[in-house]
Amino acid sequence: MKIPRLTDTTLRDGDHAISHSYTPEQVRTIVKDLDEAGVPVIEVSHGSGLNGSTIQQGFSKHPELELIKVAVQTAKNAKIASLFVPGIGTSEELRKAADLGISIIRIAVHCTEADVTEQYFRLAKELGLEAVGFLMMSHTQPAKVLVEQAKLMESYGADCVYVVDSAGALVPTGVRERVSALKEALSIEVGFHAHNNLGLAIGNTLAAIECGADQIDGTLRGLGAGAGNAQTEVLVAVLNKMNIDTGINLAILMDAAEEKVAPIMKSPIVVDRDNLSSGYAGVYNSFLLHVKHAAEKFGVGVGEIMEELGKRQTIAGQEDWIIDVAVELANKKGVKV
Ligand SMILES: C[C@H](O)CC(=O)C(=O)O
Ligand SMILES: [Mn+2]
């Protein structure tokens, strides 16, 4: 079985889970450990990508370009990547990150919106970057739609396209359908990015590898949005057990997770009722905090709101629907709003 390239995104997806509060020292020490462990790619940026520090996405404690600079200066062997969401980031931030020395940009859009990424893939290639496409909320579309979108990204210059299970809603069969369809259709690499809302982040990542995924993601201690991601240290341990030698030092990863990441977590990343209801309904992981606030304000259950948002197939950027749904549910229950 082909050994997939691992990207650790503790310092990007994990940014969602610690309210965007990473410090330069935390970035330095985590990059140092990941680099020494032999992790080939480390992603660093605001959880919502370059320029994400806004009232809508959450303000960063430290300017992300400062964090990216520290990461590039610290890494001896690992490549530094950043995430980029068109509409949040602009060409200006992409150029600045490239000037700071990132090697990879991961351009993330909802899985039916690849057509807005063309200018950014072109710019990324002009800047000499490896360009990776992220098809977010991939559970919402069948494999054939993802193939159409991935082929657009390939035509724009993408070097890899990821199936991204943003809601943690996929089961292994759904992962196999999507990853194998992209492997069949593309001449570039295919990746998989998991979330753990159904407790399947590791299992789904293994399913992706079985179907030939060339790139996979993980985070130390699973630190990421919602129920978190596939735990990097567990992923490496399981791959070792399967005689898939990633060349990554497991002991260093375990120490980094235990001694550097766990202490900065605001709470353990668990599949609790809220995260499970979110994944079960197929709702984007960054909705949860807003849903919790609305549930409390309007006297309705988190699960009820999640179920309705899932039925309406809400996607990132439609957080305003949360209030509408909460008010409708409250009215139905005769709760005075
Ligand atoms: C912007 C999102 O956090 C990208 C991602 O990690 C996901 O959709 O999952
Ligand atoms: Mn994610």
Side-chain angles (χ1 to χ4, degrees), residues 6-20 22 41-54 56-58 60 64 81-89 93-94 104-114 116-117 120 132-141 146 149 153 160-170 174-175 178 191-198 200-202 204-205 208 215-232 235 269 275 278-279 282-290 313-319:
L6 174 70
T7 292
D8 182 276
T9 182
T10 306
L11 294 168
R12 197 283 301 168
D13 216 318
D15 183 59
H16 288 300
I18 59 163
S19 311
H20 317 291
Y22 278 124
V41 181
I42 302 167
E43 186 178 52
V44 185
S45 68
H46 185 281
S48 298
L50 295 176
N51 204 35
S53 181
T54 56
Q56 298 91 335
Q57 306 298 329
S60 297
E64 75 182 341
S82 290
L83 191 84
F84 181 90
V85 178
I88 295 177
E93 289 81 34
L94 182 44
I104 301 165
I105 194 72
R106 309 212 293 178
I107 301 169
V109 288
H110 184 69
C111 60
T112 54
E113 309 299 316
V116 305
T117 64
Y120 302 110
V132 174
F134 247 42
L135 293 174
M136 295 199 291
M137 295 290 278
S138 277
H139 76 280
T140 60
Q141 294 297 331
L146 299 184
Q149 297 295 307
M153 289 182 161
C160 174
V161 177
Y162 265 68
V163 172
V164 180
D165 186 17
S166 311
L170 285 172
V175 174
R178 290 164 174 80
F192 180 69
H193 173 96
H195 276 270
N196 201 42
N197 295 67
L198 298 179
L200 287 171
I202 297 287
N204 280 345
T205 303
Q215 299 190 29
I216 55 173
D217 280 12
T219 52
L220 292 172
R221 216 41 178 258
L223 185 66
N229 308 96
Q231 262 182 269
T232 299
L235 209 42
I269 296 272
N275 279 326
S278 173
V283 174
Y284 187 62
N285 265 311
S286 300
F287 275 43
L288 181 54
L289 218 53
H290 305 294
Q313 292 214 326
T314 46
I315 63 173
Q318 292 175 327
E319 285 80 352

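Atoms within a ligand are numbered from 1 in the order they appear, just like the ligands themselves. Nothing here was measured: the structure is a model prediction, and the numbers come from that model.
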Closest protein heavy atom to [atom], given as residue, atom name and distance to 0.1 Å:
atom                   : value
atom 6 (O) of ligand 1 : R12 NH2, 2.8 Å
atom 3 (O) of ligand 1 : H16 NE2, 2.8 Å
atom 1 (C) of ligand 1 : Y284 OH, 3.4 Å

Which of the numbered atoms in ligand 1 are below 4.0 angstrom from a heavy atom of [X]?
X    : result
D13  : 6 (O)
V164 : 7 (C), 8 (O), 9 (O)
S166 : 7 (C), 8 (O), 9 (O)
G47  : 1 (C), 3 (O)
M136 : 1 (C), 2 (C), 4 (C), 8 (O)
H195 : 9 (O)

Heavy-atom distances under 4.0 Å are what count here, so tell me which part of [X] touches ligand 1: side chain, backbone, both or neither.
X    : answer
A108 : neither
L83  : side chain
H193 : side chain

Over all atoms of both residues, closest heavy-atom pair of T140 and Q313: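 The pair with the smallest heavy-atom distance is O-NE2, 4.5 Å.
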So H46 and H16, would you call those rings parallel, tilted or perpendicular, with 30° and 60° as cut-offs? perpendicular
To the nearest 0.5 Å, atom CD of Q215 lies from atom NE2 of H193 at 13.0 Å
OG1-CG distance between T10 and N229, expressed to the nearest 0.5 angstrom: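 Going from OG1 on T10 over to CG on N229, the span is 8.0 Å.
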Under 2.8 Å: N/O/S of H193 next to the Mn ion (ligand 2):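 Under 2.8 Å: H193 contacts the Mn ion (ligand 2) through an N, O or S atom.
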Presence of N, O or S from D13 under 2.8 Å of the Mn ion (ligand 2):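 Looking at D13, which is the residue asked about, there is an N, O or S atom under 2.8 Å from the Mn ion (ligand 2).
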Candidates L170, V164, V163 - the one meeting side chain to side chain contact (heavy atoms under 4.5 Å, CB included) with H139: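 Checked L170, V164, V163 against H139; only one passes side chain to side chain contact (heavy atoms under 4.5 Å, CB included): L170.
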Between the side chain of R178 and the main-chain N/O of S138, is any donor-acceptor distance below 3.5 Å?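 Yes; at least one donor-acceptor contact below 3.5 Å.
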Aromatic centroids of Y162 and F192 separated by under 6.0 Å: no
Flag for N197-N285: side-chain donor and acceptor within less than 3.5 Å: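 Distance-only check passes for N285 and N197.
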Stepwise side-chain hydrogen bond (donor to acceptor under 3.5 Å, both in side chains) check, D165 with H195: CA-CA 6 Å; D165 186 17; H195 276 270; over 6 Å; no
H195, N/O/S atom nearest the Mn ion (ligand 2): NE2
Test your reading of the structure: does S48 have an N or O sitting under 3.5 Å from an N or O of ligand 1?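 There is no such contact.
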Candidate pair T232 and D8, rule side-chain hydrogen bond (donor to acceptor under 3.5 Å, both in side chains), full reasoning: CA-CA 7 Å; T232 299; D8 182 276; 2.7 Å; yes
